[in-house]
Amino acid sequence: MLTKNIWELVARIQSGEASEAEEQELQALLGQHPELLKTILVVDALQLAPEMEAAADEMRTHSWQQLQPQLDEAPPVPRNNIRRLLIRTGWAAAILVAGLLSYNWWQHNTWKTLATTNAKDSLLLPDGSRVFLNANTTLRYARNYGQGSRELMLESGEAYFEVAPQQNNPFTVHAAAVDIKVLGTAFNVHRLANGQVDIFVTSGSVKAENKSGKSMLLHAGAQATTSDKTPDIKPVATSSDNVLAWKTNRLVFHQMPLSEVAVVLANYYQLDVVVTDSVVSHKVLQATFNNKPLDEVLDVIGKALNVNITKKHKTLEFHQ
C-alpha cells in the first residue's frame, strides 16, 4: 500500500496535478524510504526515451480498452475526472514499464569497478571466488555476476584469481585481446600497458583464446603470453619463480642475469629499471628476499655484483 501511494503521488506530480501538500507528503515518504528514490530518479531520466514512450502508449491504450466498457455503462462523469484517471493510469503504467526495463538494463549492462593505486587489494565474489589485485590495477565485473555468467574484465594491471568450481558456469576473464576461461582453478593474469597479456596457471587448467580464434590449453605450472598486436598465443619457458612475487612478497633469483632481475624489480616495486651497460646486464645474481624494502634489496645487489645504482624519482639505473 505504501509503494502504491508513492507512485500515485509521483504520477500526480508528473502530470502537474499535485497540490503543495501532496508534494510535501511525497518528500516525507521518501525521507522514510530512501531506497525508492533511486528508482524514481531512473524512471524520471528514462521516461522520455522512445522505448519508454512506446511502452507507455501501449499501456495507456490497453488501460482505455479495459475502462471503456465500464464507462459506457456508468453514469456520465465529468471529462476532467476521466482525464485525471487516464493520466494517472498512464503514468503508473509508464513508471512500471520504465522501472522494469531500466532495472533489467542496469543489472545486465552496468559494471562494478575495483581499482588500486599504490596498494594491493582483494575481492571476494558472490560465488566464493577470490581475486587478489596488484597495485595500479583496475578490474570490472558485472553487477549480476554469478547469475548465469561469471565474467570479469581486467582493464589494466595484474590480478590473481582463485576460482570456485561451478561445472555449468564457466569463469571468464577478458584482458585486452584474450579471454581466459576456466571452471575451477587458480591463475595469474598480467595486462601490460602495451597490450601484452601474460598468463600463469598455478592449479587446474585454463583455456586462453584470442580475438583471432587462436586458443591454447594451459595446465598447472604453464605460462603463456599474447598481445592485441599479434594473432598468436605463445608458451613461455622462463622461470616462474617471481610471477607471483607481488602476492607472496618473495623474490627469488637463481643465477639470474641482471637484465632479467631488472624486469622482476620493475614489476614488483612498480618502477622503471634501466641497465645501460652490456657487461653489467650479464652479471648474475643468486639471492632470495622475503618482504624486503627496495633500498635493502638494492644495497645487497650493488655489493654482490659490484655495480652502481642510481635512483631518481621512480627510475633505477644499473651501471659500472
Side-chain angles (χ1 to χ4, degrees), residues 115-122 132-138 154 156-160 175-176 187-202 218 220-230 232-320:
T116 61
T117 51
N118 297 324
K120 304 168 188 175
D121 204 350
S122 64
F132 299 86
L133 278 69
N134 199 354
N136 300 309
T137 296
T138 300
L154 184 62
S156 62
E158 186 170 18
Y160 181 79
F187 61 103
N188 191 78
V189 181
H190 187 191
R191 177 174 175 174
L192 286 71
N194 63 3
Q196 178 178 325
V197 176
D198 298 328
I199 306 164
F200 172 53
V201 182
T202 58
L218 302 173
Q223 299 181 77
T225 187
T226 186
S227 171
D228 55 9
K229 299 178 177 64
T230 61
D232 298 320
I233 302 174
K234 299 178 181 178
V236 176
T238 56
S239 170
S240 61
D241 287 342
N242 296 300
V243 173
L244 297 179
W246 68 269
K247 184 174 178 291
T248 63
N249 291 315
R250 178 181 172 86
L251 294 170
V252 180
F253 304 107
H254 291 308
Q255 295 299 306
M256 183 178 290
L258 191 56
S259 58
E260 296 179 19
V261 171
V263 175
V264 175
L265 295 179
N267 183 51
Y268 183 72
Y269 290 105
Q270 302 287 302
L271 299 166
D272 293 323
V273 182
V274 180
V275 182
T276 58
D277 190 304
S278 60
V279 174
V280 170
S281 69
H282 287 90
K283 291 189 175 185
V284 295
L285 178 67
Q286 178 70 38
T288 299
F289 302 96
N290 290 302
N291 199 24
K292 297 299 182 181
L294 175 62
D295 288 341
E296 185 172 334
V297 171
L298 295 180
D299 184 59
V300 171
I301 294 175
K303 291 176 179 177
L305 301 184
N306 191 28
V307 298
N308 294 312
I309 304 169
T310 302
K311 183 170 68 170
K312 185 177 182 180
H313 302 302
K314 293 195 61 108
T315 300
L316 292 178
E317 182 180 345
F318 292 90
H319 53 91
Q320 287 283 24

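A quick note: this is a predicted structure, and the numbers were derived from the prediction, not measured.
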*Taking only residues two or more places apart in sequence, or in another chain, which ones meet Ser281 in a side chain to side chain donor-acceptor pair (under 3.5 Å)?*
none
*asked:* Quick one: does any side-chain atom of Thr116 pair with a main-chain N or O of Thr137 as donor and acceptor, under 3.5 Å?
replied: yes
*What residues, two or more places apart in sequence or in another chain, satisfy side-chain contact (heavy atoms from CB on, under 4.5 Å) together with Val252?*
Asp241, Asn242, Arg250, His254, Thr288
*Identify, with sequence neighbours excluded, every residue that meets side chain to side chain donor-acceptor pair (under 3.5 Å) alongside Lys314.*
none
*Under the side chain to side chain donor-acceptor pair (under 3.5 Å) test, which residues partner Asp121, sequence neighbours left out?*
none
*Can you tell me how far CG of Leu316 sits from OG1 of Thr310, rounded to the nearest 0.5 angstrom?*
9.0 Å
*So, Gln223 versus Asp198: side-chain donor-acceptor pair below 3.5 Å or not?*
no
*Hey, could you give me the CG/CG distance between Leu192 and Asn267, rounded to the nearest 0.5 Å?*
7.5 Å
*Just jot down the salt bridge (Lys or Arg N to Asp or Glu O under 4.0 Å) partners of Lys292, sequence neighbours excluded, or say none.*
Glu296
*Could you check whether the rings of Phe132 and Tyr160 sit parallel, tilted or perpendicular, using 30° and 60° as the cut-offs?*
tilted
*Could you pull out all residues at least two apart from Thr230 that satisfy side-chain contact (heavy atoms from CB on, under 4.5 Å)?*
Ser227
*Trace of the side chain to side chain contact (heavy atoms under 4.5 Å, CB included) decision for Val197 with Leu154*: CA-CA 10 Å; Val197 176; Leu154 184 62; over 6 Å; no
*Would you give the length of the straight line joining atom NZ of Lys247 to atom CD of Glu158, rounded to the nearest 0.5 angstrom?*
11.5 Å
*What pairs with Phe318 under ring pair (Phe, Tyr, Trp, His ring centres under 6.0 Å), at least two apart in sequence or on another chain?*
none
_Tell me every residue that passes side-chain contact (heavy atoms from CB on, under 4.5 Å) with Glu260, counting only those two or more places apart in sequence or in another chain._
Met256, Pro257
*Tell me, please, which residues at least two apart from Asp272 pass side-chain contact (heavy atoms from CB on, under 4.5 Å).*
Thr315
*Kindly write out the residues that satisfy side chain to side chain donor-acceptor pair (under 3.5 Å) with Asn308, not counting sequence neighbours, or none if the list is empty.*
none
_Shortest non-hydrogen contact from Leu251 toward Ala245_ = CD2-CB, 3.7 Å
*State whether the number of non-hydrogen atoms from other residues, nucleotides or ligands found under 6.0 Å of Asn306 atom CG is greater than 12.*
no
_Between Asn188 and Trp246, is the side chain to side chain contact (heavy atoms under 4.5 Å, CB included) condition met? List the steps._
CA-CA 11 Å; Asn188 191 78; Trp246 68 269; 3.3 Å; yes
*Knowing that exactly one of Asn136, Asn249, Asn134 qualifies, which makes a side chain to side chain donor-acceptor pair (under 3.5 Å) with Lys120?*
Asn249
*Under the side chain to side chain contact (heavy atoms under 4.5 Å, CB included) rule, what do Val275 and Val307 come out as? Steps first, then yes or no, please.*
CA-CA 10 Å; Val275 182; Val307 298; over 6 Å; no
*Specify the closest pair of heavy atoms between Gly195 and Ala176, including all atoms of both residues, with the distance to one decimal.*
O-CB, 3.9 Å
*Donor-acceptor under 3.5 Å (Gln196 side chain, Ala193 main chain)*: no
_Gap separating the NZ atom of Lys283 from the CG atom of Leu258, nearest 0.5 angstrom_ = 9.0 Å
_Residue pair Tyr269 / Val297: nearest heavy atoms and the distance that separates them_ = OH-CG2, 3.2 Å
*Looking at CD1 of Ile199 and CZ of Phe187, how far apart are the two atoms once the value is rounded to the nearest 0.5 Å?*
8.0 Å
*Sequence neighbours left out, what passes salt bridge (Lys or Arg N to Asp or Glu O under 4.0 Å) with Lys303? Give chain and number order.*
Asp299
*Quick one: pull up CG in Asp228 and CG in Asn194 and give me the separation to the nearest 0.5 Å.*
8.0 Å
